[in-house]
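Beneath this line is the structure, given in structure tokens, with notes to follow.
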Amino acid sequence: MKDDIFDIIIIGGGAAGLASAISAKKTAPQKSVLVIEQNPLSGKKLSRTGNGRCNFTNKDLSIEHYHSSDIKSAEEIIRSFTLEASLKFFSEAGIVPYERNGCFYPYSGEAKSFRDVLFLNAKESGVIFSFEEKVVSLEKEGTHFRVYTKTGAHLADNIILSTGGLAAPDTGASGDGYEILSSLGLSVKKPLPALSPLQCEGGFSEDFAGIRVYGRINVACNGAVVATDFGELQFNKGNISGIPVLNVSSAAVRLFDEGERVRLDLNLLPEGFDPSVFLSDLKYDVRIKDALLSILNYKMIPYFLKKAGISLSDRLSDLSKKKLSLLFDILSCFSLDMTGFSGYEKAQTNSGGLSLSSIDPHTMELHNVPGVFVTGELLDCDGICGGYNLHFAFATGRLAGLSAAGGLNA
């Protein structure tokens, strides 16, 4: 460090911040790197990801798993950090991975140990950490940048913004990075919860609370299906959740927030299910409620029979083809009106943020403010479940660290 001016200051010590720090020091060990973190330790949110197991990347990194208003730039960023490059990066940091269903986790099975390894890697390489220091503003001062905190100020040649978004506020997420971007004269797309449960209060029986079923969810708006996914759906009191719901929530929440009427259509029947074949295979004149036991949770059967105007005691021979057709139509398209969405305390990430068109996707540097790099959740790009959001955080952090240290221009 010369004249108390750091070569690089990284604001935020989460996933993207740690990747930036490690990459910068690996590129230019002689350069001074300071990470300013408002929490008492780095990676607080990172240590809880993946239900505490840390799904950090995925075998299938196709861009279809991401949402962004500038999907071309998002794809360029993802392509810069292939699966092979990702596994090499973490292997060199000391992470031993294991794969399950295409998802990669640390072999320890602990997100906390994953965080610890990355932090120690950065610290041992000479990165300086300043904990419990909250950044309040950023200003350009001559050829340098001055970072003001609640306890002082620091000067740097380059700044990497890695403050994260608004999801999981109990980890310190507060959206400070968006305010810094706004102070630099940049426009930020309204952040909204993503990977979040969807509210549909009064749309189904209270008896459904706690039930998990396999099915497909379609998000419908203005007569078109705008998002769809299949898997285990979970009914809760007043909302629905489960990985498929989380995966479509980014689109659903954005449309609902814009004032659109959003409908959630659930197909509770198996994929490719043919009711006529199912019914013809039944050799006995059973009660319809018993025939449905292999398809539906028993607590759901009375509700759907009532919706179709069928009695619990009715046998198959009592029912017309029209009645049976109505029942299976209801089960294949159980429509719920979306009435709201959960807050950031239940969201795993957020959509919105700074448009990728504001940065160079090859370096993460702002077009209008050279020397400032932006990473992770601050950017308008969010992914579905499966390690995609962490992969994006690490990809952007790595690029920012390499670029700020001069590695991409060397």
- Please test Leu46 against Thr49 for side-chain contact (heavy atoms from CB on, under 4.5 Å), starting from the C-alpha separation and ending with a verdict. CA-CA 5 Å; Leu46 176 61; Thr49 58; 4.2 Å; yes

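- Classification of Arg79 and Glu75 as a salt-bridged pair holds, one side-chain N sitting under 4.0 Å from a carboxylate O.
- Atom-to-atom distance recorded for Leu327:CG and Ile288:CD1 is 5.5 Å, nearest 0.5 angstrom.
- One finds a salt bridge joining Arg263 and Asp265 here, because a Lys/Arg side-chain nitrogen approaches an Asp/Glu carboxylate oxygen to under 4.0 Å.
- Between Leu266 and Ile217, some side-chain heavy-atom pair lies under the 4.5 Å cut-off.
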In sequence, state the C-alpha distance, the side-chain angles, and the governing distance for Ser162 and Thr375, and then conclude on side chain to side chain donor-acceptor pair (under 3.5 Å).
CA-CA 5 Å; Ser162 300; Thr375 68; 2.7 Å; yes

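- Residue Phe230 places its CZ atom among more than 12 non-hydrogen atoms of other residues, nucleotides or ligands, all under 6.0 Å distant.
- Here the CD1 atom belonging to Ile36 is positioned 4.5 Å from the NE2 atom belonging to His154, to the nearest 0.5 angstrom.
- Residue Lys140 qualifies as enclosed at atom NZ: its count of foreign heavy atoms under 6.0 Å is above 12.
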* Asked: Would Ser86 and His391 count as a side-chain contact (heavy atoms from CB on, under 4.5 Å) if you check the C-alpha gap in whole Å, the side-chain angles of each, and the deciding distance to 0.1 Å?
  -> CA-CA 8 Å; Ser86 171; His391 184 92; 3.9 Å; yes

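- For Lys26 and Glu92, the salt-bridge test passes: some basic side-chain N is under 4.0 Å from an acidic carboxylate O.
- Salt bridge status for Asp176 with Lys134: present, with a side-chain N to carboxylate O gap under 4.0 Å.
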Practice task
With side chain to side chain donor-acceptor pair (under 3.5 Å) as the test, would you mind laying out the steps for Asn236 and Ser241 before giving the verdict?
Solution key: CA-CA 7 Å; Asn236 305 305; Ser241 186; 4.6 Å; no

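- No side-chain heavy atom of Glu139 sits under 4.5 Å from any side-chain heavy atom of His144.
- Proximity of Lys289 to Pro302: side-chain heavy atoms (C-beta onward) are nowhere separated by under 4.5 Å.
- Side chains of Leu293 and Tyr298 form a contact here, defined as non-hydrogen atoms less than 4.5 Å apart.
- Within the 4.5 Å cutoff, the side chain of Phe304 has heavy atoms near those of the Leu331 side chain.
- With ring centers used as reference points, Phe56 lies under 6.0 Å from Phe114.
- At a cut-off of 3.5 Å, with distance as the only test, no side-chain donor of Ser403 or Thr363 sits close to an acceptor on the other residue.
- Atom CG of Asp281 sits in a crowded spot, with more than 12 heavy atoms from other residues, nucleotides or ligands closer than 6.0 Å.
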Checklist entry - Yes or no on ring pair (Phe, Tyr, Trp, His ring centres under 6.0 Å) for Phe119 and Phe129, after CA distance, side-chain angles and deciding distance? => result CA-CA 10 Å; Phe119 168 67; Phe129 286 83; 4.8 Å; yes

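- Note on residues 340-357: pairs passing side chain to side chain donor-acceptor pair (under 3.5 Å), not counting sequence neighbours, are Tyr178-Asn350, Arg254-Ser351, Thr349-Glu377, Ser355-Ser357.
- Judged by distance alone, the side chains of Asn58 and Tyr388 do bring a donor and an acceptor atom under 3.5 Å apart.
- Classified by interplanar angle (parallel below 30°, tilted 30° to 60°, perpendicular above 60°), the ring pair Phe204/Phe235 is perpendicular.
- The pair Arg261-Asp337 meets the salt-bridge criterion, with a side-chain N (NZ, NE, NH1 or NH2) lying under 4.0 Å from an Asp/Glu carboxylate O.
- The shortest distance between side-chain heavy atoms of Asn247 and Leu195 falls below 4.5 Å.
- For Phe394 and Phe89, the distance between ring centers is not under 6.0 angstrom.
- The environment of Tyr98 atom OH is dense: over 12 non-hydrogen atoms of other residues, nucleotides or ligands sit within 6.0 angstrom.
- Under the 6.0 Å cut-off for aromatic ring centres, Phe273 and Phe278 qualify, their centroids lying closer than that.
- Ion pair Glu232/Arg212 flagged as a salt bridge, since at least one NZ, NE, NH1 or NH2 atom sits closer than 4.0 Å to an Asp/Glu carboxylate oxygen.
- Using a 4.5 Å cut-off on side-chain heavy atoms (C-beta onward), Phe341 and Gln199 make no contact.
- With 3.5 Å as the limit, one finds no donor-acceptor pair spanning the side chains of Asp380 and Ser68.
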Apply ring pair (Phe, Tyr, Trp, His ring centres under 6.0 Å) to Phe392 and Phe81, showing your working. CA-CA 9 Å; Phe392 184 76; Phe81 200 45; over 10 Å; no

Check the pair Ser62, Glu64 against side chain to side chain donor-acceptor pair (under 3.5 Å), reporting the backbone distance first and the verdict last. CA-CA 5 Å; Ser62 57; Glu64 287 77 16; 3.2 Å; yes

Val248 vs Thr228, side-chain contact (heavy atoms from CB on, under 4.5 Å): CA-CA, chis, key distance, verdict: CA-CA 6 Å; Val248 301; Thr228 184; 5.6 Å; no

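- Of all heavy-atom pairs spanning Leu269 and Ser332, the tightest one is CD1-CB, 3.9 Å.
- Residues Ile78 and Ile63 form a side-chain contact, since some pair of their non-hydrogen atoms from C-beta on lies under 4.5 Å apart.
- The local environment of NZ in Lys112 is sparse, with at most 12 non-hydrogen atoms from other residues, nucleotides or ligands closer than 6.0 Å.
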Between Glu76 and Ser73, is the side chain to side chain donor-acceptor pair (under 3.5 Å) condition met? List the steps. CA-CA 5 Å; Glu76 288 189 53; Ser73 292; 4.9 Å; no

Notebook entry, point to check: Please walk me through it: do Val225 and Val219 pass side-chain contact (heavy atoms from CB on, under 4.5 Å)?
Noted result: CA-CA 6 Å; Val225 174; Val219 176; 6.0 Å; no

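- A salt bridge links Glu271 to Arg216: one of the charged nitrogens lies within less than 4.0 Å of a carboxylate oxygen.
- Side chain to side chain, Thr339 and Glu201 fail the donor-acceptor criterion of an N or O pair below 3.5 Å.
- Surrounding CD1 of Ile243 are at most 12 heavy atoms belonging to other residues, nucleotides or ligands under 6.0 Å away.
- One finds a salt bridge joining Arg48 and Asp170 here, because a Lys/Arg side-chain nitrogen approaches an Asp/Glu carboxylate oxygen to under 4.0 Å.
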